[in-house]
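Just below is one structure, and these are the notes that go with it.
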Amino acid sequence: MKLAGLDKWFGKNHVVRDLHLDIKPGTMTTFLGPSGCGKTTTLRMIAGFQEPDHGRISIGDRDITDVPAYRRNTAMVFQEYALFPHMTVAENVGYGLLVRGIRADERKRRVRAALELVELDGMGDRFPGQLSGGQQQRVALARALIVEPDALLLDEPLSNLDAKLRESVRMELHRIQRRTGITAIYVTHDQEEAFALSDEVVVMSEGRIQQAGPPDEVYYHPANRFVAEFVGTINLAPALVTEVSGSVAAMQCASAEVVATGLTRPIRAGQTVVIGVRPESVQLCSVGEPLPTEDANVLPGRIAGAAFLGHKLRYTVEVPFGSTPWVVDQFDPGSSVGLSGEVSLVVPRLRTHVMSEE
């Protein structure tokens, strides 16, 4: 699937801005971003529910920009399950085949196969009101898959489920997408959901794509400050690039010298950048303790507070660079009593990430 130069206006509000994206067949791509960033509008343009003011949409060699929604061979799973309450599960799942004129015996066979796929076999005679929220969502998924669409479109389909059920259905959705090999596009504002499901994550803000790539790339190599702060927790500080050699950069961060390796974007000496470090990438050492300094940056700090969160101890550390304290996570602490006073922050150079402000 290819999205080429999509623009969408609602009155004076430019909600999607010159959006370009290639989506590989058989992959799960997730649009991730805050409310109002344009992700759902983009999905609805792909579905044919809204027309782009500019740009083209194609699936394979077929341009579908001007094709009506019912002829695009896409299927949508909504946040609200949109099941017919007066129809049985089997009737709901087979409805798309019915309107396509598929004969009864073939409908029955495909409905049975679809219910087996979503692990609801034996429930075809029930009504939606007799099912749990997770089961209803799987019925909606089976209804979408049974028509064998070229693309499966999912608009925050798990947002109405509680946390535990949401994780269970998410795993089920991932299994089904991998098993069927269908091209799927998912919309969410939940980053954990996006990372767990996706081959590619597309981070959006104010109608523009800020970054698109595999989940680990988006997390560990954010393209800019917005992506870094939106995706997870990150510690940021301004720095001046003093030297660049290949994929290695030396920088001055206040009075500290910092080195970053594994650069994924070009930078130059004399450039002002932002360094970012994830809380789990930092090791804290008391003053006087031997430091594992090989391939690591050592930065000064003072413990300002600690919160015991069960699986981890989260420290707040005052640092002489940047405008806010840093956050450092120690996993499996074994105790709610941790470090205090002056410390050294040991940050692997490979986990010292460099990005632009914009």
Side-chain angles (χ1 to χ4, degrees), residues 1-3 23-31 40 42-51 57-128 131 134-158 169-170 172-187 197:
M1 180 183 295
K2 185 172 185 178
L3 312 179
I23 297 172
K24 296 177 182 177
T27 61
M28 172 79 83
T29 298
T30 297
F31 287 95
T40 295
T42 301
L43 191 75
R44 292 179 68 84
M45 285 192 288
I46 296 170
F49 300 151
Q50 290 170 343
E51 296 181 4
I57 303 168
S58 58
I59 298 179
D61 296 330
R62 183 179 176 222
D63 189 322
I64 63 169
T65 311
D66 302 316
V67 175
Y70 68 91
R71 293 182 57 195
R72 293 194 176 197
N73 199 32
T74 60
M76 189 94 153
V77 178
F78 297 93
Q79 182 175 343
E80 302 294 339
Y81 313 131
L83 302 178
F84 299 117
H86 63 287
M87 291 184 179
T88 65
V89 166
E91 290 169 338
N92 267 283
V93 172
Y95 184 75
L97 300 180
L98 178 65
V99 298
R100 285 167 171 78
I102 304 299
R103 65 181 189 272
D105 59 337
E106 177 65 8
R107 288 205 310 273
K108 185 176 181 180
R109 183 192 68 79
R110 288 170 64 174
V111 166
R112 183 168 58 251
L115 290 177
E116 289 176 357
L117 180 65
V118 299
E119 298 185 349
L120 289 177
D121 40 317
M123 295 190 180
D125 293 333
R126 298 189 187 185
F127 288 88
L131 304 179
Q135 289 171 331
Q136 290 183 47
Q137 190 57 277
R138 282 189 277 169
V139 172
L141 180 59
R143 183 179 59 184
L145 290 169
I146 200 171
V147 298
E148 299 177 349
D150 292 327
L152 177 65
L153 312 177
L154 304 112
D155 186 10
E156 302 199 56
L158 309 184
V169 177
R170 182 179 73 201
E172 186 69 12
L173 177 59
H174 185 268
R175 178 189 68 81
I176 291 168
Q177 192 275 328
R178 290 295 188 269
R179 180 175 171 181
T180 60
I182 193 169
T183 302
I185 304 173
Y186 196 97
V187 161
L197 286 169

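As a basis for the values below, the full set of heavy atoms in this structure was taken, side chains included, without hydrogen atoms, waters or symmetry mates.
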Checklist line | Shortest non-hydrogen contact from M28 toward R178 | finding: CB-NH1, 4.3 Å

Checklist line | Distance (rounded to the nearest 0.5 Å) between L83 CG and T88 OG1 | finding: 11.0 Å

Margin query: For the CD1 atom of I182 and the CD1 atom of I176, what is their distance to the nearest 0.5 Å?
Written below: 10.5 Å

Next item on the list: Please list all pairs passing the salt bridge (Lys or Arg N to Asp or Glu O under 4.0 Å) test where one or both residues lie in residues 88-103, with sequence neighbours left out.
Entry: R103-D105

Next item on the list: Report the distance from atom OG1 of T42 to atom CD1 of I57, rounding to the nearest 0.5 Å.
Entry: 8.5 Å

Checklist line | Exercise: identify the closest heavy-atom pair between P85 and P128 | finding: O-CD, 3.9 Å

Note to self: Rounded at 0.5 Å granularity, tell me how far OH in Y186 sits from CG in L153.
What the structure shows: 13.0 Å

Checklist line | Nearest atoms (heavy-atom pairs only) where I46 meets R72 | finding: O-NH1, 2.9 Å

Checklist line | Residue pair L152, L145: steps toward the side chain to side chain contact (heavy atoms under 4.5 Å, CB included) verdict | finding: CA-CA 7 Å; L152 177 65; L145 290 169; 4.0 Å; yes

Item checked: Counterpart residues, side-chain contact (heavy atoms from CB on, under 4.5 Å), relative to Q135 (two or more places apart) -> L120, M123, L131, S132, R138

Margin query: More than 12 heavy atoms of other residues, nucleotides or ligands under 6.0 Å from CD of E106: yes or no?
Written below: yes

Check: Are side-chain heavy atoms of M1 and T29 found at a separation under 4.5 Å?
Finding: no

Check: How many angstroms lie between atom CG of L197 and atom CG of L173, to the nearest 0.5 angstrom?
Finding: 5.5 Å

Note to self: Has E51 got a side-chain atom pairing as donor or acceptor with D66's backbone, closer than 3.5 angstrom?
What the structure shows: no

Margin query: My understanding is that only residues two or more places apart in sequence, or in another chain, count here; which of them pass side-chain contact (heavy atoms from CB on, under 4.5 Å) with F49?
Written below: R44, A47, A69, M76, F78

Check: What pairs with S58 under side-chain contact (heavy atoms from CB on, under 4.5 Å), at least two apart in sequence or on another chain?
Finding: K2

Notebook entry, point to check: By side-chain contact (heavy atoms from CB on, under 4.5 Å), which residues pair with K108, not counting sequence neighbours?
Noted result: R112

Notebook entry, point to check: CD1/I64 to CE/M45 distance, rounded to the nearest 0.5 angstrom?
Noted result: 11.5 Å

Note to self: I want to check something: taking the side chain as every heavy atom from C-beta on, are E172 and Q137 in contact at a cut-off of under 4.5 Å?
What the structure shows: no

Item checked: Within 6.0 angstrom of F127 CZ, more than 12 heavy atoms from elsewhere -> yes

Note to self: Quick test of your reading: applying side chain to side chain donor-acceptor pair (under 3.5 Å), list the pairs with at least one residue in residues 142-154, sequence neighbours left out, ordered by first then second residue.
What the structure shows: N73-D150

Next item on the list: For L115 and G124, work out which heavy atoms get closest and say how close.
Entry: CD1-CA, 4.0 Å

Notebook entry, point to check: Which pair of non-hydrogen atoms, one from G26 and one from T183, has the smallest distance, and what is that distance?
Noted result: N-OG1, 2.8 Å

Note to self: Could you report the tightest heavy-atom contact between L154 and L141, atom names first, then the distance?
What the structure shows: CD2-CD1, 4.4 Å

